[in-house]
Amino acid sequence: MPLQWLAPDENNPQLSLQPDWQALLGPELEQPYMLELQRFLQAEQQAGKQIYPAPEHWLHALEATALQDVKVVILGQDPYHQPGQAHGLSFSVPVGVRVPPSLRNIYKELQADLGIDPASHGCLQGWARQGVLLLNAVLTVEQSQAASHQGRGWERFTDRVIHAVNAHCHNVVFVLWGSYAQKKGAFVDRSRHLVLQAPHPSPLSAHRGFFGCGHFSQANAYLQAHGRSPIDWQLPAAPQG
């Protein structure tokens, strides 16, 4: 059965997790801090505030990539906070939405690193299906209010997600762009996993060392050296889902 957190109705459809995530994280959703987060989100909705992404996408990163399939973790901070942008995967936007500046810089680095031409869209679902866990630290945000849901409990929950990957998976590449992601992933066991760090791809910091970091080729080289198939970073022209 799908995991239920918020009671499903027309405003709060059921949330579901991959079975292995559900086994590990189902009890976490019943912890007091998560129930308090649930009450906060319900109150915000009842007050007429627009929350992004849509409720059915709050745990989308854990729907799109099973724990047993995780090869790469790319940590983000908050969801995009403008209409139509956020759909539950870090740095990703749905097809048809303009590619945000940080993602444009990610595409530039991907082209410089592996010769892959930038995709015409910003949907990273194709990466998620291959085992790239695209996880934000905070999984909701109020429209036009950046960082508005920080400190409400999501950070503790997503720490639990990262701890699960760290403990239950082997030879995963953790991609930590920017100081926030680097602090959040500081506990990752570097004897079991590869940790790649660089400045954030934001236009404000990409020229300080993000460009030229070579993380995509390094990730694939590490995966192949440990008997794992590499990621095909070339996104499909028309992703489904």
Side-chain angles (χ1 to χ4, degrees), residues 61 64-80 89-93 98-137 158 161-166 169-237 239:
T65 308
L67 175 62
Q68 65 183 0
D69 296 333
V70 174
K71 298 177 181 177
V72 177
V73 178
I74 298 180
L75 286 181
Q77 188 166 350
D78 284 331
Y80 298 118
L89 303 177
S90 61
F91 294 102
S92 180
V93 294
R98 184 178 179 181
V99 178
S102 291
L103 184 53
R104 287 201 300 270
N105 285 340
I106 291 171
Y107 286 170
K108 288 179 182 177
E109 173 57 23
L110 180 59
Q111 185 175 34
D113 188 14
L114 292 176
I116 295 174
D117 290 336
S120 61
H121 59 83
C123 182
L124 305 182
Q125 190 84 23
W127 293 357
R129 291 195 183 103
Q130 297 180 69
V132 181
L133 180 63
L134 297 162
L135 182 69
N136 280 319
T158 53
V161 173
I162 300 166
H163 274 288
V165 176
N166 184 54
C169 301
H170 291 276
N171 305 127
V172 170
V173 182
F174 286 82
V175 178
L176 309 179
W177 292 328
S179 59
Y180 184 94
Q182 289 159 19
K183 290 176 183 177
K184 190 169 181 69
F187 62 82
V188 172
D189 185 350
R190 285 159 169 78
S191 70
R192 292 165 55 93
H193 308 290
L194 176 65
V195 176
L196 299 176
Q197 298 187 164
H200 195 276
S202 161
L204 296 175
S205 56
H207 291 279
R208 299 174 187 166
F210 173 77
F211 290 133
C213 68
H215 283 178
F216 300 101
S217 60
Q218 289 182 59
N220 278 354
Y222 177 83
L223 292 171
Q224 290 177 295
H226 290 86
R228 309 196 71 182
S229 58
I231 304 297
D232 180 1
W233 296 104
Q234 177 70 66
L235 289 163

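Between His163 and Phe187, the distance from one ring center to the other falls under 6.0 angstrom.
Defined by atom type and a distance below 3.5 Å, a donor-acceptor pair is present between the side-chain atoms of Ser217 and Asp113. When only modelled atom types and interatomic distance are considered, Gln111 and Asp117 share a side-chain donor-acceptor pair under 3.5 Å.
No donor-acceptor distance shorter than 3.5 angstrom exists from the side chain of Ser90 to the backbone of Leu75, with no hydrogens or angles considered. Looking only at distances, no side-chain donor or acceptor of Asp189 sits under 3.5 Å from a matching main-chain atom of Asn166. Side chain of Arg228 to backbone of His170: a donor-acceptor contact under 3.5 angstrom is found. With hydrogens and angles disregarded, no donor-acceptor distance shorter than 3.5 Å links the side chain of Tyr222 to the backbone of Val195. Between the side chain of Gln182 and the backbone N or O of Ala198, at least one donor-acceptor pair lies under 3.5 Å. No donor-acceptor distance shorter than 3.5 angstrom exists from the side chain of Asp69 to the backbone of Gly131, with no hydrogens or angles considered. Between the side chain of Gln234 and the backbone N or O of Ile116, no donor-acceptor pair lies under 3.5 Å. Of the possible polar contacts, none joining the Arg129 side chain to the Thr65 backbone as a donor-acceptor pair under 3.5 Å is found. In terms of modelled atom types and a separation under 3.5 Å, the side chain of His121 and the main chain of Cys123 share a donor-acceptor contact. A distance-only check finds no donor-acceptor pair linking the side chain of Gln77 to the backbone of Ala181 [under 3.5 Å].
The aromatic rings of His215 and Trp177 sit parallel, their planes meeting at an angle under 30°, below the 60° perpendicular limit. Ring geometry for Phe174 versus His193: interplanar angle over 60°, hence perpendicular rather than tilted (30 to 60°). Under the 30°/60° scheme for interplanar angles, the aromatic rings of His207 and Phe211 are found to stand perpendicular.
The heavy-atom pair separating Arg208 from Pro199 by the smallest distance is O-CG, 3.5 Å. Pairing each heavy atom of Leu89 with each of Ala61, the nearest pair is CD2-CA, 3.7 Å. Scanning all heavy atoms of the two residues, the minimum distance from Asn105 to Ala206 falls at ND2-CB, 3.7 Å.
The structure places NZ of Lys71 at 13.5 Å from CG of Leu133, a figure rounded to the nearest 0.5 Å. The CG atom of Leu124 sits 7.5 Å away from atom CD1 of Ile74, with the distance rounded to the nearest 0.5 Å. Within the model, atoms CG of Asp78 and OH of Tyr180 stand 6.5 Å from one another, a figure rounded to the nearest 0.5 Å. Distance OG/Ser92 to CG/Asn136: 10.0 Å, rounded to 0.5 Å. Note that the CD atom of Gln218 and the SG atom of Cys213 stand 7.5 Å from one another [nearest 0.5 Å].
Between Leu223 and Asn171, every side-chain heavy-atom pair lies at or beyond the 4.5 Å cut-off.
Summarising the local packing, CZ of Arg192 is surrounded by more than 12 heavy atoms from other residues, nucleotides or ligands at distances under 6.0 Å.
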